[in-house]
S.K.: 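Dropping the structure in here first, questions after.
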Number of protein chains: 2
Amino acid sequence: MASIKDVAAEAGVSVATVSRVLNSHPSVSEEARTRVLAAVEALGYRPNAVARSLRTAQTRTLGLVISDVLNPYFTELARFVEEEARALGYSVIIGNADERPELQDHHIRTLIDRRIDGLLVSPADGGSSLMRDVALGGTPMVFVDRWIPGIDVPVVRADGTGAVKDLVAHLHGLGHRRLAIIAGPAATTTGNERVEAFREDMRGLGLALPDAYIGQGDFQAASGRRATERFLALAEPPEVVFAADNLMALGALDAIRARGLRMPDDIALAAFDDIPWFVHTDPPITAIAQPTADLARAAVRALADLIEGRTPQSVTLPARLVVRRSCGGAVTNQRSDR
Amino acid sequence: MASIKDVAAEAGVSVATVSRVLNSHPSVSEEARTRVLAAVEALGYRPNAVARSLRTAQTRTLGLVISDVLNPYFTELARFVEEEARALGYSVIIGNADERPELQDHHIRTLIDRRIDGLLVSPADGGSSLMRDVALGGTPMVFVDRWIPGIDVPVVRADGTGAVKDLVAHLHGLGHRRLAIIAGPAATTTGNERVEAFREDMRGLGLALPDAYIGQGDFQAASGRRATERFLALAEPPEVVFAADNLMALGALDAIRARGLRMPDDIALAAFDDIPWFVHTDPPITAIAQPTADLARAAVRALADLIEGRTPQSVTLPARLVVRRSCGGAVTNQRSDR
DNA sequence: CGACGCCGTGGAATCGATTACACGGATGAT
DNA sequence: ATCATCCGTGTAATCGATTCCACGGCGTCG
């Protein structure tokens, strides 16, 4: 592959001049510029980003570490992150942690080794020492969706408390009293937050949330299935199951179907995170939708601000309830925007 | 961030020795080794991958350019690709083309500029001149899922013809005679192949496939919706719609629902690509499942073979029909493996 | 008419690694 | 005892860019 030296030779100038042309430095004669450009064209020259990064100490690359690519919520987030980053002149490298802390650390390490300019993280756990070190070590970092309390970096996330309140009110209004929740891992902020908001709102309505109605999940479908099976095996099973993410809702659906129960008559279901498929399940599923695109954009901008020396802003955007038929009542077939 | 020089100074040896220790070169004394390792530990040193890549002319990175991350099929493919690549000591950078040729070219160019060791591509179109140049230019390249006829690189894909034959037979057996298909872009191999197989099998059963029953889609949900609306507006609408990918099936589902039609009584639906949600739609959707994990593994191995100088193999694996209730008949609730 | 400054350009240092080559000392063979 | 060999180590070149500095030529101003 042609290097800058080859271009310089072809154009009959020095490498310094070629570099100036390519970086549109002002003091280059018109003649030199055209000669260089012609040489570039003739050789099909493309600057070596590796060499450039070594010299300039910047890669114009962002790392995005997410907990699970197979989760449509994160897939969508990743897509919008890349879009915004591209608009700002950055590339994105995605690291998929599969909800496994050690895999998360692996990706963080790899990304740091590649000297990415900044890191966008949705932590799969309570935060390894590695993540702490990275944040302290001066690598620009922003948390998105989930965050870690002790680490002082900007956080871009959705606030679900309002939407959870709406949900609980909706369920209560439909006459449901025994509400159960499948929680995310206690180590994640989103895991805790959603349970706490749920418990709080129930208390506000004078309802109890017994421990048996709190299923411990890990944001994966299988755990949603297990938790739901356990609920259904209780002497007094809940009337509603609220899954703290869409994959656990899928698992819950599996379990309900396996038992041959009808929804919403025998049991109701609601989920955090809205996805296109929830419109088409039987019945369509009531869910809490996050403003994914806005979150992604805000997160990338915060990170770019941090990298480029501006002051970044933490952002919290409200999530909203999308009522469908999975909890009962007659509702026109609504859908979330896509 | 500490460099190899700092480590050398700390350990009281030369940078050459440090490098030897880090690359486990045999001729280093035990004493020097322990001193270096201690220094590495003390400084928290991590080798700069950028500098290393510049010198060794390899990045141990694979580029994966897919047509649409939001398509669960490709998301899953990407996940398995990364998994296998990691096992082989490579990182993966994903480029999402969003079914847009110019975005695809953008990502290919970016990846080449970063001097990735090899490229895995599922082309969104018939192949730009850029892609041709890259393949000819000696960058190791492998096509996965879709490919481009004129370009001589290994292809790893699923063969859907057998499954399509099974599907058509299944539909015929249920008494359906007017079958329509929503095709993918003519520029993609998978787009054409699926239509051709479908047409061929219908001919084999003595059925015609009129042009009005061939919808032109682009593998996106909206196009599936439009095509289905057109089918339903016909004087004699089809009894079955077969969508050539899962997103167009989602769009078809939207259209069917919007018309208030019942499935499978008023109209039947089948799709290429099976995804977890198809089990939970109303009714569950009959689909053709690809062996995604195996495809991903085979593709990565072929690319690694190419990169490391071994002879790569093109691989074709069979897809299989998964019958559910969306086309009629009484079928036990089956699901694809996940 | 001479000095000063600016402009376009090239030479060379630099980023952080790897690695060819040279060198000194120890070891083994003759 | 001598010479060849091998081992551990260091010096320096190298990868492909960017950028500081110096230099020559030319225009401008006093």
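Chain naming here is simple, since letters A, B, ... match the order of the sequence lines and numbering starts at 1 in each. What you see is a predicted model; the values in this text were computed from it and never measured.
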S.K.: With salt bridge (charged side-chain N to carboxylate O under 4.0 Å, His left out) as the test, would you mind laying out the steps for Arg79(A) and Asp98(B) before giving the verdict?
M.R.: CA-CA 9 Å; Arg79(A) 196 216 115 130; Asp98(B) 251 351; 3.3 Å; yes

S.K.: Does a donor on one side chain and an acceptor on the other come within less than 3.5 Å for Asn48(A) and Asp113(B)?
M.R.: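 No pair is found: no donor N or O on one side chain lies under 3.5 Å from an acceptor on the other.
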
S.K.: Under 3.5 Å, is there a donor-acceptor pair linking the side chains of Tyr73(A) and Asp68(A)?
M.R.: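 No, because no side-chain N or O of Tyr73(A) sits under 3.5 Å from a partner of the opposite role on Asp68(A).
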
S.K.: Going by distance alone, is a donor N or O of one side chain under 3.5 Å from an acceptor N or O of the other, for Asp125(B) and Gln104(B)?
M.R.: yes

S.K.: So which of residues 49-59 of chain B are in contact with DNA chain D, with a heavy-atom cut-off of under 4.0 Å?
M.R.: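 Leu54(B), Arg55(B) - these, ordered by number, are the residues of the stretch whose heavy atoms sit under 4.0 Å from the strand.
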
S.K.: For Ala135(B), does its backbone N or O pair with a side-chain atom of Thr139(B) as donor and acceptor, under 3.5 Å?
M.R.: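 No, the answer is negative, given that no donor and acceptor are paired below the 3.5 Å cut-off.
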
S.K.: Output yes when a side-chain donor or acceptor of Thr17(B) lies under 3.5 Å from a complementary backbone atom of Val13(B), and no otherwise.
M.R.: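 Checked: no pair found.
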
S.K.: Check DNA chain D against residues 33-41 of chain A and give the residues with a non-hydrogen atom under 4.0 Å, in numerical order.
M.R.: none

S.K.: Reckon Ser3(A) touches a base, only the sugar-phosphate, or nothing at all at heavy-atom distances under 4.0 Å?
M.R.: sugar-phosphate

S.K.: Given 3.5 Å as the limit, does a donor-acceptor pair link the side chain of Thr61(B) with the main chain of Val92(B), or not?
M.R.: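 Checked: no pair found.
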
S.K.: Among residues 105-117 of chain A, which ones have heavy-atom contacts with DNA chain D below 4.0 Å?
M.R.: none

S.K.: Taking the nucleotide of DNA chain D with the closest heavy atom to each, which residue, Asn23(A) or Arg20(B), is nearer the 5' end?
M.R.: Arg20(B)

S.K.: State which residue, out of Val40(B), Val7(B), Val36(B), fulfils the side-chain contact (heavy atoms from CB on, under 4.5 Å) condition with Val21(B).
M.R.: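 Of all the options given, the one that passes is Val36(B).
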
S.K.: Atom CD of Glu31(B) to atom C1' of dC7(D): distance rounded to whole Å?
M.R.: 15 Å

S.K.: Are Ile94(B) and Ile66(B) close enough that some pair of their side-chain heavy atoms sits under 4.5 Å apart?
M.R.: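 A side-chain contact exists here, since the closest heavy-atom pair is under 4.5 Å.
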
S.K.: Name every residue in residues 6-13 of chain B that has at least one heavy atom under 4.0 Å from any atom of DNA chain D, in order of residue number, or write none if there are no such residues.
M.R.: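 Val13(B) - these, ordered by number, are the residues of the stretch whose heavy atoms sit under 4.0 Å from the strand.
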
S.K.: State, without any angle test, whether Asp305(A) and Gln313(A) hold a side-chain donor-acceptor pair at a distance under 3.5 Å.
M.R.: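 Not at all, the side chains of Asp305(A) and Gln313(A) share no donor-acceptor pair under 3.5 Å.
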
S.K.: Any chance you could lay out the salt bridge (charged side-chain N to carboxylate O under 4.0 Å, His left out) test for Arg146(B) and Glu99(B), step after step, and finish with the verdict?
M.R.: CA-CA 12 Å; Arg146(B) 312 180 187 172; Glu99(B) 302 284 359; 3.0 Å; yes

S.K.: So, OP1 or OP2 of dG10(D): does either fall under 4.0 Å of a side-chain N or O from Ser14(B)?
M.R.: yes

S.K.: Nearest 0.5 angstrom please: Leu111(A) CG to Ser91(B) OG, how far?
M.R.: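 With rounding to 0.5 Å, CG (Leu111(A)) is 8.0 Å from OG (Ser91(B)).
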
S.K.: Supply the atom-to-atom distance Leu77(A) CG to Asp145(A) CG, rounded to the nearest 0.5 angstrom.
M.R.: 7.0 Å

S.K.: His25(A) NE2 to dA17(D) P: how many Å, rounded?
M.R.: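 After rounding, the gap between these two atoms is 18 Å.
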
S.K.: Quick one about Glu83(B) and Asn96(A) (side-chain donor to acceptor, distance below 3.5 Å, no hydrogens or angles considered), yes or no?
M.R.: no

S.K.: Need one value for Ser19(A): base, sugar-phosphate or nothing, where a base atom within 4.0 Å counts as base even if backbone is also close, heavy atoms only.
M.R.: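 Base: the residue Ser19(A), judged by heavy atoms under 4.0 Å, touches a nucleobase.
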
S.K.: Answer whether the closest heavy-atom distance between the side chains of Ser27(A) and His25(A) falls below 4.5 Å.
M.R.: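 Ser27(A) vs His25(A): side chains touch.
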
S.K.: Between Asp6(B) (side chain only) and Ala2(B) (backbone N and O only), is there a donor and an acceptor less than 3.5 Å apart?
M.R.: no

S.K.: Can you give me the dot-bracket string for DNA chain C, 5' to 3', counting Watson-Crick and G-U wobble pairs with both distances under 3.5 Å, using [ ] for crossing pairs and | for partners on another strand?
M.R.: ||||||||||||||||||||||||||||||

S.K.: Go through DNA chain C in 5' to 3' direction and return only the first and the last nucleotide with some atom under 4.0 Å of chain A's heavy atoms.
M.R.: dG8(C) to dG16(C)

S.K.: Answer yes or no: is there a donor N or O on one side and an acceptor on the other, between the side chain of Ser314(B) and the main chain of Val155(B), under 3.5 Å?
M.R.: yes

S.K.: With side-chain contact (heavy atoms from CB on, under 4.5 Å) as the test, pick out the partner of Leu88(B) among Val300(B), Leu303(B), Ile307(B).
M.R.: Val300(B)

